[in-house]
Amino acid sequence: MSQHALLLAGCKAWRSLSCPRSELRLDLTLGCGQTFRWRETADGHWTGVMQGKVWTLTQTEDTLWYYVYSHQINTGTENRMKQKVENEDQLLGNMSKRKIKQEEVGLCIVMSEPDNKEEELLRDYFQLGVKLGDLYRDWSTVDPHFKHTANIFTGVRLLRQDPVECLFSFICSSNNHISRIQGMVDRLCQTLGTLLCKLDDVAYHDFPPLQALTDPSVEMCLRDLGFGYRARFLQQSSQIIVNSHGPDWLQSLRSAPYRQARNALRTLPGVGLKVADCVCLMSLDKFEALPVDTHVWQIAKRDYSFAAGSSQKTLTDRVYKEIGDFFRKLWGPYAGWAHSVLFCADLKRFQKLKEEIPVVKDEKTELKKKMKERRHDTYEEKQSKKGKKYQRK
DNA sequence: ATAACACCTGT
DNA sequence: CAGGTGTTA
């Protein structure tokens, strides 16, 4: 019997909240590279760590189901390796039909007490207060290309992630692709994070606290784990935050204006424009932040006839700014959210979703024509038109 | 201010 | 050659 919870297995400990698939698609939202902590552990079932708890999530047409595993709180740092070994022993014991005791560390047996706090955590994490359907409708009226891809890629929403996890994960992202970043973040948590529980031989660790990364020995440790030159960035950045700003500094940037927060992040080693924008958008509530990488650059050129800087070989700061401004003008204050939809739709792993509805050549050229005609028709202008309507009453 | 180049590692 | 940053012309 699987230790990972399965909805179809009829376990009563599942809880749910109302949430249509049009507002949230777990596969797209958790697999598009904004978080590196979730895995599809069974068909449509996603297991990961959030807010110091291990969760399994799945969904039906109008419902989001969640299961929270209980675990022993374990704050010690020095005994972790020892515990890890003990846990392996326990698991072996488990497999040889030894009776599992509830108090054994690292095994998930008892459900936590039901309460609505966990639902609140989920609502906050998925930002369910943001009405994605309304946003899709707005973006579709100003952007025919968005409208086209939005038909297939519904429910792509931004997570409200922990700023520490977000920052240190994205420092790892330079010159890198999603699957390798996942592996690196995995090893980081496994080595320096608290063990929360173990399911089917898979260990789930919390993301390490800032204080676990500040020691100078961390750099060599991470180099051994295959972090390369990024190892120093992680150690240095954590040290600067703790020593010069204070442990709550990152969190406090949530109440700072976008540009101010981004500039603050940029002072950290390993944090350039792109990483800073990722952290702003994905953990600091800055929804106009729009991370531009070579991939987004390709999208701008291919789907929006974006010409500026096309002679450049690399993505310069100038082109970075222009692409961001272009999309912010087109999509408005939630431009970062719209960007993530197109980014997701362009990932190789999701290309098969498009196969059902092949785009004929005529339709493609038709779309481009529309784009050119409406080049001036931006989000802002659309909003002001709406305003006029209201004024007339 | 703007644009190449080294940096780690995997593919 | 990569979903990038820091350094240096």
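The structure presented is a predicted model; accordingly, all values stated were derived computationally and were not measured. By convention in this document, chain letters (A, B, ...) are assigned in the order of the sequence lines, proteins followed by strands, and residues within each chain are numbered from 1.
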### Message
Please evaluate residues A/Phe287 and A/Tyr258 with respect to the criterion ring-ring contact (aromatic ring centres under 6.0 Å, His included), reporting the C-alpha separation (whole Å), side-chain torsions for both, the decisive distance (0.1 Å), and the verdict.
### Response
CA-CA 9 Å; A/Phe287 300 149; A/Tyr258 166 44; over 10 Å; no
### Summary
Assign each of A/Arg266 and A/Arg349 the nucleotide of DNA chain C bearing its closest heavy atom; nearer the 5' end lies the nucleotide of A/Arg349
### Task
May I ask you to decide if the ring planes of A/Phe153 and A/Phe350 are parallel, tilted or perpendicular, using 30° and 60° as cut-offs?
perpendicular
### Summary
Picking from C/dG6, B/dC8, C/dG3, the nucleotide nearest the side-chain atoms of A/Phe233 would be C/dG6
### Message
Take a 6.0 Å sphere around CG of A/Asp43 and say whether it holds more than 12 heavy atoms from other residues, nucleotides or ligands.
### Response
no
### Query
For A/His45, what residues pass the side-chain hydrogen bond (donor to acceptor under 3.5 Å, both in side chains) criterion, not counting sequence neighbours?
none
So which protein nitrogen or oxygen atoms get under 3.5 Å of nucleotides 7-9 of chain C's nitrogens or oxygens?
none

#### Entry: Separation of atom CZ in A/Arg230 from atom P in B/dT9, rounded to whole Å
9 Å
### Query
According to the salt bridge (charged side-chain N to carboxylate O under 4.0 Å, His left out) rule, which pairs have a member within residues 177-192 of chain A, sequence neighbours left out?
A/Arg39-A/Asp186
### Summary
residues 58-69 of chain A vs salt bridge (charged side-chain N to carboxylate O under 4.0 Å, His left out), sequence neighbours excluded, gives A/Arg21-A/Glu61
### Query
What pairs with A/Pro269 under side-chain contact (heavy atoms from CB on, under 4.5 Å), at least two apart in sequence or on another chain?
A/Phe233, A/Gln236, A/Ser237, A/Ile240
### Message
Base, sugar-phosphate or nothing for A/Arg223? Non-hydrogen atoms, less than 4.0 Å.
### Response
sugar-phosphate
### Query
Which residues within residues 335-348 of chain A lie with some heavy atom under 4.0 Å of an atom in DNA chain C?
A/Phe343, A/Leu347
### Gap between atoms CZ and C1', on A/Arg232 and C/dG4 respectively (whole Å)
16 Å
### Query
What distance, rounded to whole Å, do you find between the two P atoms, one in B/dT11 and one in C/dT5?
23 Å
### Message
For a quick check of understanding: with a heavy-atom distance under 4.0 Å over all strands, which category does A/Val271 fall into, base, sugar-phosphate or nothing?
### Response
sugar-phosphate
### Message
Which nucleotide wins on minimum distance to the side chain of A/Val275, given the candidates B/dC8, C/dT5, C/dG3?
### Response
C/dT5
#### Entry: C1' gap between C/dG6 and B/dG10, integer Å
23 Å
### Message
Quick test of your reading: applying side chain to side chain donor-acceptor pair (under 3.5 Å), list the pairs with at least one residue in residues 22-32 of chain A, sequence neighbours left out, ordered by first then second residue.
### Response
A/Glu23-A/Arg157, A/Arg25-A/Asp27
### Task
Name the nucleic acid region contacted by A/Pro291, choosing base, sugar-phosphate or nothing; use a 4.0 angstrom heavy-atom cut-off, strictly under.
nothing
## Note on the structure
Given Watson-Crick and G-U pairs under 3.5 Å, DNA chain C in dot-bracket ([ ] crossing, | other strand) is ||.||||||
### Query
Got a sec, which pairs hit salt bridge (charged side-chain N to carboxylate O under 4.0 Å, His left out) with one end in residues 249-268 of chain A, sequence neighbours left out?
A/Arg262-A/Asp277
#### Entry: Neighbours of DNA chain B within residues 153-184 of chain A, by heavy-atom distance under 4.0 Å
A/Asn175, A/Arg180
### Query
With A/Asp215, which residues qualify under side-chain hydrogen bond (donor to acceptor under 3.5 Å, both in side chains), at least two apart?
A/Ser217
### Query
Just how far, in rounded Å, is P of C/dG3 from CZ of A/Arg302?
14 Å
### Task
Write down the distance between CG (A/Leu315) and P (B/dC5), rounded to a whole number of angstrom.
17 Å
### Query
Which whole-number value in Å describes the distance from A/Leu273 CG to C/dT5 P?
7 Å
### Query
Does a side chain donor of either A/Thr47 or A/Tyr67 reach within less than 3.5 Å of an acceptor in the other side chain?
no
#### Entry: Nearest-angstrom distance from the residue atom CZ of A/Arg187 to P of B/dC8
16 Å
### Message
Looking at A/Tyr229 and C/dG4, is any side-chain donor or acceptor paired with a base atom of the opposite kind under 3.5 Å?
### Response
yes
Side-chain donor-acceptor pairs of residues 289-298 of chain A under 3.5 Å, sequence neighbours excluded:
| unit_1 | atom_1 | unit_2 | atom_2 | d |
| --- | --- | --- | --- | --- |
| A/Asp293 | OD1 | A/His295 | N | 2.9 |
| A/Asp293 | OD1 | A/Val296 | N | 2.7 |
| A/His295 | NE2 | A/Asp346 | OD2 | 3.3 |

#### Entry: Validation row, ring centre A/Phe36 to ring centre A/Phe170 under 6.0 Å
yes
### Query
What interatomic distance, in whole Å, is found between P of C/dG4 and the corresponding atom of B/dA1?
22 Å
